[in-house]
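Reviewing the structure listed below.
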Number of protein chains: 2
Amino acid sequence: MNDVQSTCGLDVSLAVIGGKWKPLILYHLQGGPKRFAEVRRLVKGISEKVLIQQLRELMAVGVLIRHDHQQVPPMVDYSLTPFGETLVRALIPLCEWGTLNRQHVASVLLTA
Amino acid sequence: MNDVQSTCGLDVSLAVIGGKWKPLILYHLQGGPKRFAEVRRLVKGISEKVLIQQLRELMAVGVLIRHDHQQVPPMVDYSLTPFGETLVRALIPLCEWGTLNRQHVASVLLTA
DNA sequence: GGTAGTACATACAAAAAAGTAAGTGTGAGA
DNA sequence: TCTCACACTTACTTTTTTGTATGTACTACC
């Protein structure tokens with residue numbers, strides 16, 4: 001990381017996971033394929049509409065894949081691609097940072 | 001990370017660095033204190049107004065500190081707090097991921 | 001026919017974030 | 001007096017993201 005300008009890939013990562021929900025969606029798909037409704041349950045607070053949208057965008061950049069089991073009622077699941085797995089791996093430190101500092105951040109935000 | 005619900009701190013991290021610009025601002029302050037105009041130069045594309053706003057928010061959560069040299073013309077610099085340094089450390093993997101996958105993501109986004 | 005389960009699609013609205021333009025304050029120097 | 005450098009502030013606008021409500025498609029079952 002000597003030449004900050006030419007090596008900082010944060011703009012790329014942010015292009016892929018930018019927004020309120022994408023990091024959380026990716027994180028929850030870490031544990032293997034998940035049904036639509038299950039993802040929605042895990043990512044608390046997200047609307048169906050936004051979840052669909054975000055899943056579609058994540059698929060478009062190749063980090064998620066959708067598997068349709070071709071049955072009725074519909075049975076569809078979403079999972080990380082291998083590429084997506086590399087991205088989630090890069091998210092773990094941020095997740096851990098948040099866990100470690102949850103209390104501190106909470107107290108700061110309350111006084112703001 | 002066994003209990004995904006209770007240990008995932010991504011919501012906390014996102015509360016601190018959410019938005020288009022904050023990760024990039026933090027990243028560029030890694031190398032030591034920087035003047036306002038310098039930060040603006042480094043974070044390409046950001047408007048003065050938004051930079052000020054974001055700096056203020058980052059200070060409010062304790063990851064940045066502002067030092068006014070009390071002179072005219074004004075001379076002010078911004079730097080990471082030790083707390084902020086822990087956060088930037090957690091951002092590095094994401095930065096590296098982006099660097100490694102810049103070409104791949106670029107080609108995907110062009111075809112979308 | 002109605003109901004159920006599941007994963008969507010569509011239309012419109014609201015909220016949040018970012019952007020554009022103009023202005024301010026402070027001394028220092030011409 | 002005017003101009004400059006620097007770091008802001010304010011008012012308004014535009015863009016983006018998220019949210020609310022309703023509807024669709026497909027079978028299966030009562």
Side-chain angles (χ1 to χ4, degrees), chain A residues 10-29 32-61 63-80 109 112, chain B residues 10-29 32-61 63-80 109 112:
Chain A
L10 263 180
D11 56 315
V12 175
S13 306
L14 293 172
V16 174
I17 64 161
K20 183 172 177 179
W21 299 108
K22 284 177 184 154
L24 290 159
I25 292 168
L26 287 170
Y27 179 84
H28 286 298
L29 282 169
K34 294 214 164 36
R35 305 281 293 283
F36 178 84
E38 196 180 357
V39 180
R40 190 169 175 212
R41 185 179 58 79
L42 290 167
V43 185
K44 291 194 193 298
I46 193 170
S47 68
E48 271 189 1
K49 181 249 188 187
V50 170
L51 178 54
I52 292 156
Q53 201 170 285
Q54 305 289 292
L55 289 169
R56 177 170 296 136
E57 284 169 26
L58 291 168
M59 284 190 285
V61 290
V63 297
L64 278 202
I65 192 163
R66 175 180 181 275
H67 178 217
D68 184 348
H69 291 254
Q70 305 281 359
Q71 68 182 51
V72 170
M75 188 180 205
V76 172
D77 61 47
Y78 295 87
S79 46
L80 295 171
L109 293 180
Chain B
L10 263 181
D11 56 314
V12 175
S13 307
L14 292 172
V16 174
I17 66 162
K20 183 173 176 178
W21 299 109
K22 283 178 184 154
L24 290 159
I25 292 168
L26 286 170
Y27 180 84
H28 285 298
L29 283 170
K34 294 210 165 38
R35 305 280 292 283
F36 179 83
E38 196 181 355
V39 181
R40 189 168 176 214
R41 185 179 60 78
L42 290 167
V43 184
K44 291 194 192 301
I46 193 168
S47 68
E48 271 189 1
K49 180 248 188 186
V50 170
L51 177 55
I52 293 156
Q53 201 168 288
Q54 304 291 288
L55 288 170
R56 180 171 295 137
E57 285 169 25
L58 290 168
M59 285 191 284
V61 291
V63 296
L64 277 202
I65 191 163
R66 177 181 181 274
H67 179 216
D68 183 347
H69 291 252
Q70 305 281 359
Q71 66 182 51
V72 172
M75 190 180 204
V76 172
D77 60 48
Y78 294 87
S79 45
L80 295 171
L109 292 179

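Chain identifiers are assigned alphabetically (A, B, ...) following the order of the sequence lines, protein sequences preceding nucleic acid strands; residue numbering begins at 1 within each chain.
To the nearest angstrom, C1' of C:dA16 lies 16 Å from CG of B:Leu14. Straight-line distance from the CD atom of B:Gln54 to the P atom of C:dA16: 15 Å, rounded to whole Å. When rounded to the nearest whole Å, the span between CZ of A:Arg40 and C1' of C:dA7 equals 12 Å. For the pair B:His69 NE2 and D:dA7 C1', the interatomic distance rounds to 13 Å; values are reported in whole Å. Atoms CD1 (A:Ile52) and C1' (D:dT17) sit 16 Å apart, rounded to a whole Å. Taking atom CD1 of A:Ile46 as the reference point, atom C1' of D:dT18 lies 9 Å away to the nearest angstrom. One can place CZ of A:Arg56 at 11 Å from C1' of C:dA7, the figure rounded to the nearest angstrom. In this structure, the CG atom of B:Leu51 is 15 Å from the P atom of D:dC6, given to the nearest Å.
Between the CD1 atom of A:Ile17 and the CG atom of A:Leu24 there is a distance of 10.0 Å, given to the nearest 0.5 Å. Between the OH atom in A:Tyr27 and the CG atom in B:Asp11 there is a gap of 10.5 Å [rounded to 0.5 Å]. Atom CZ of residue A:Arg40 and atom CD1 of residue A:Ile25 lie 11.5 Å apart, to the nearest 0.5 angstrom. Taking CZ from A:Phe36 and CE from A:Met75, the interatomic distance works out to 15.0 Å, rounded to the nearest 0.5 Å. Here B:Tyr78 contributes atom OH and B:Leu64 contributes atom CG; the two are 9.0 Å apart, rounded to the nearest 0.5 Å. In this structure, NZ on B:Lys44 lies 7.5 Å from CG on B:Leu42, to the nearest 0.5 angstrom.
Nearest heavy-atom pair, B:Pro33 versus B:Ser79, reported as atom, atom and distance to 0.1 Å: CA-CB, 3.9 Å.
The only option from B:His69, B:Lys34, B:Arg35 that meets the side chain to side chain donor-acceptor pair (under 3.5 Å) definition with B:Asp77 turns out to be B:His69.
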Check residues 45-59 of chain A and write down every donor-acceptor pair under 3.5 Å in which the side-chain atom is one partner and the other belongs to a residue at least two apart or another chain.
from	atom 1	to	atom 2	distance (Å)
A:Ser47	OG	A:Val50	N	3.2
A:Lys49	NZ	A:Gln53	OE1	3.4
A:Glu57	OE1	A:Lys22	NZ	2.5

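No engagement by B:Glu38 is indicated, since no non-hydrogen atom pair under 4.0 Å with the nucleic acid exists. If you check every strand for non-hydrogen atoms under 4.0 Å, A:Gln53 touches a base.
Listed pair B:Arg35 / D:dA5 fails the phosphate criterion, with no side-chain N or O lying under 4.0 Å from OP1 or OP2. In terms of phosphate contacts, B:Lys20 brings no side-chain nitrogen or oxygen within less than 4.0 Å of OP1 or OP2 of D:dT16. When the side-chain nitrogen and oxygen atoms of A:Trp21 are compared with OP1 and OP2 of D:dT16, none of them lie within a distance under 4.0 Å.
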Quick tally for nucleotides 20-30 of chain D: nucleotides whose base has a protein heavy atom under 4.0 Å get B, sugar-phosphate-only ones S, the rest -, giving B-----BB---

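In the helix from C:dG1-D:dC30 to C:dA30-D:dT1, the rotation axis of the first five pairs and that of the last five pairs differ in direction by 30°, rounded to 10 degrees.
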